[in-house]
2 protein chains.
Amino acid sequence: MLIAEPLQRAIDELSKLPSIGRKTALRLALYLLKSEKADVELFVKSLIELKEKIKFCSICSNITVDEICDVCKSRKRDRSIICIVEEASDIIAIERTNEYNGLYHVLGGVLSPLSGKDADSLNIHKLIERVENSEVKEILVALNPDTEGETTTLYLAKLLKPFGIRISRIARGLPIGGDLEFADEATIGRAVLGRVDL
Amino acid sequence: MLIAEPLQRAIDELSKLPSIGRKTALRLALYLLKSEKADVELFVKSLIELKEKIKFCSICSNITVDEICDVCKSRKRDRSIICIVEEASDIIAIERTNEYNGLYHVLGGVLSPLSGKDADSLNIHKLIERVENSEVKEILVALNPDTEGETTTLYLAKLLKPFGIRISRIARGLPIGGDLEFADEATIGRAVLGRVDL
């Protein structure tokens with residue numbers, strides 16, 4: 001017995017999503033199959049509207065429903081600091097902390113020669129424009145603490161140095177609630193090097 | 001900053017899916033946002049067609065695009081044995097083994113007083129009709145080997161006993177590729193009790 005064709009197609013499409021394998025895709029498809037028709041219509045509508053209504057901010061490439069995003073529009077934000085992140089989802093993560101009140105800039109990736117991501121494919125050109133034409137005093141680089149993130153951070157630091165502004169990056173160290181005993185050497189090493197006075 | 005409303009709605013809808021939490025839902029939504037419009041349209045279309053085209057077989061409640069499913073229609077299947085499964089997805093799993101050539105019957109759940117599933121809410125009435133009105137000689141119960149599955153298996157065995165047909169259930173024992181050392185006591189116990197002659 002073959003799987004009925006519409007079900008097979010739904011499984012194929014669902015398993016294209018990141019972190020969804022074929023077994024999970026089958027489970028999701030059967031869940032939708034058993035759901036009320038109205039619920040599935042709501043589900044599908046939300047995805048269509050996601051694609052139709054969401055744009056990317058023309059200044060920082062953050063997610064927005066307008067031409068310019070809420071952060072870039074806001075008069076309450078500190079316009080002298082720009083935080084560089086890899087993806088728009090990182091902005092959501094940083095905003096949740098309530099510890100940052102500056103602007104953002106979404107790179108759209110990190111330097112990764114193996115997957116063909118070079119400086120030209122990143123949103124760097126617009127960043128330089130912003131630094132040149134505004135009152136920016138500090139660039140805070142908030143990329144993931146892995147090889148690609150580190151490489152990109154160093155690349156950006158070198159690139160932005162001539163502008164004579166402060167260039168910082170988010171601290172590396174032990175995560176809150178972490179355990180010294182189980183942390184890896186690299187993290188403990190960074191935590192020791194980055195020690196702060198009490 | 002709040003998350004843009006269409007994105008928030010897509011996250012809400014995606015996180016209703018089983019095994020999808022809010023963080024995964026955000027990741028999936030951002031993935032769809034970055035995908036080509038045509039790809040998202042294909043994705044959405046597959047879900048709409050899944051809901052519109054797939055029906056449940058009027059005999060066994062298997063998934064089908066017609067009134068009656070491929071298994072019930074087929075002339076090559078052994079009509080003297082019916083395998084009882086909890087969900088239509090279990091049929092797919094059993095069909096993949098190529099070890100079973102009989103018919104199926106989807107119960108649509110198992111007895112579970114805690115979640116309000118009693119015998120009336122299961123697809124049992126139609127099963128009795130099938131046993132009464134056809135040449136069925138054996139019922140093979142293939143429910144999950146957990147408390148609810150066991151309870152339901154015993155319930156069905158008692159219910160079907162008056163018909164004087166053979167009632168069997170799939171074997172419990174060590175899974176192929178499993179390790180005796182790491183198997184739990186219940187599984188090893190069943191494997192010993194269910195030993196077969198060589």
Side-chain angles (χ1 to χ4, degrees), chain A residues 1-14 16-20 23-24 26-35 37 39-56 62-66 69-71 74 77 87-89 91-93 95-96 104 108, chain B residues 1-14 16-20 23-24 26-35 37 39-56 62-66 69-71 74 77 87-89 91-93 95-96 104 108:
Chain A
M1 185 195 76
L2 285 161
I3 297 177
E5 203 261 323
L7 177 59
Q8 187 60 59
R9 196 138 22 99
I11 295 171
D12 290 344
E13 288 292 332
L14 284 163
K16 282 181 192 165
L17 297 174
S19 78
I20 308 287
K23 283 204 171 175
T24 309
L26 170 62
R27 189 141 46 103
L28 297 183
L30 291 172
Y31 171 84
L32 289 172
L33 206 50
K34 280 198 280 182
S35 302
K37 193 157 189 269
D39 289 340
V40 176
E41 277 164 4
L42 266 181
F43 176 77
V44 159
K45 192 168 159 248
S46 78
L47 299 185
I48 293 172
E49 291 198 343
L50 171 75
K51 201 63 194 163
E52 278 176 356
K53 291 193 180 166
I54 293 270
K55 294 167 203 155
F56 294 96
N62 185 14
I63 286 165
T64 174
V65 281
D66 301 314
C69 78
D70 290 349
V71 175
S74 169
R77 313 285 304 206
E87 299 291 350
S89 53
I91 295 183
I92 297 169
E95 283 297 294
R96 280 210 189 105
Y104 290 97
Chain B
M1 186 195 76
L2 284 161
I3 297 177
E5 203 261 323
L7 176 60
Q8 187 60 60
R9 196 138 22 98
I11 295 171
D12 290 345
E13 288 293 331
L14 284 164
K16 282 181 193 165
L17 297 174
S19 78
I20 307 287
K23 282 204 172 177
T24 309
L26 171 61
R27 189 141 46 102
L28 297 182
L30 291 172
Y31 171 83
L32 290 172
L33 206 50
K34 280 199 279 182
S35 303
K37 194 158 188 265
D39 290 340
V40 176
E41 277 164 4
L42 266 179
F43 176 78
V44 159
K45 192 168 159 248
S46 77
L47 300 185
I48 293 172
E49 291 197 343
L50 171 75
K51 201 62 196 166
E52 277 175 356
K53 292 193 180 165
I54 292 271
K55 294 167 203 155
F56 294 96
N62 185 13
I63 286 165
T64 174
V65 281
D66 302 314
C69 78
D70 290 348
V71 175
S74 170
R77 313 284 306 204
E87 299 291 351
S89 53
I91 296 183
I92 297 169
E95 284 297 293
R96 281 213 188 101
Y104 290 97

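Bear in mind the structure is a predicted one, so any value in this text is a computation, not a measurement. Residue numbers begin at 1 in each chain, while the letters A, B, ... track the order of the sequences. Note: hydrogens, waters and symmetry copies are ignored here, and every other heavy atom, side chains too, is used.
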| said: A:D66: which residues meet the side-chain hydrogen bond (donor to acceptor under 3.5 Å, both in side chains) condition with it, sequence neighbours left out? | reply: A:K73
At a heavy-atom separation under 4.5 Å, does [X] approach chain B through its side chain, its backbone, both, or neither?
X: A:D39; result: backbone
X: A:I11; result: neither
X: A:S74; result: neither
X: A:Y31; result: side chain
X: A:L26; result: side chain
X: A:L42; result: both

| Pairs of heavy atoms under 4.5 Å with chain A: top-ranked of B:T24, B:V65, B:L28 | B:L28
| query | Top residue by heavy-atom pair count (under 4.5 Å) with chain A, among B:I48, B:T64, B:L14? | reply | B:L14
For [X] and [Y], work out which heavy atoms get closest and say how close.
X: A:V40; Y: A:L32; result: CG2-O, 3.4 Å
X: A:K53; Y: B:P6; result: CB-CG, 3.7 Å
X: A:V71; Y: A:R77; result: O-CG, 3.5 Å
X: A:L7; Y: A:I3; result: CD2-CG2, 3.4 Å

| field | Pair A:E41 + A:K37, salt bridge at N-O below 4.0 Å | value | yes
| query | Is the closest basic N to carboxylate O distance between A:R9 and A:E13 below 4.0 Å? | reply | no
| task | Side chain from CB out, backbone as N, CA, C, O: work out which of these in B:E87 comes under 4.5 Å of a heavy atom of chain A, or both, or neither. | result | side chain
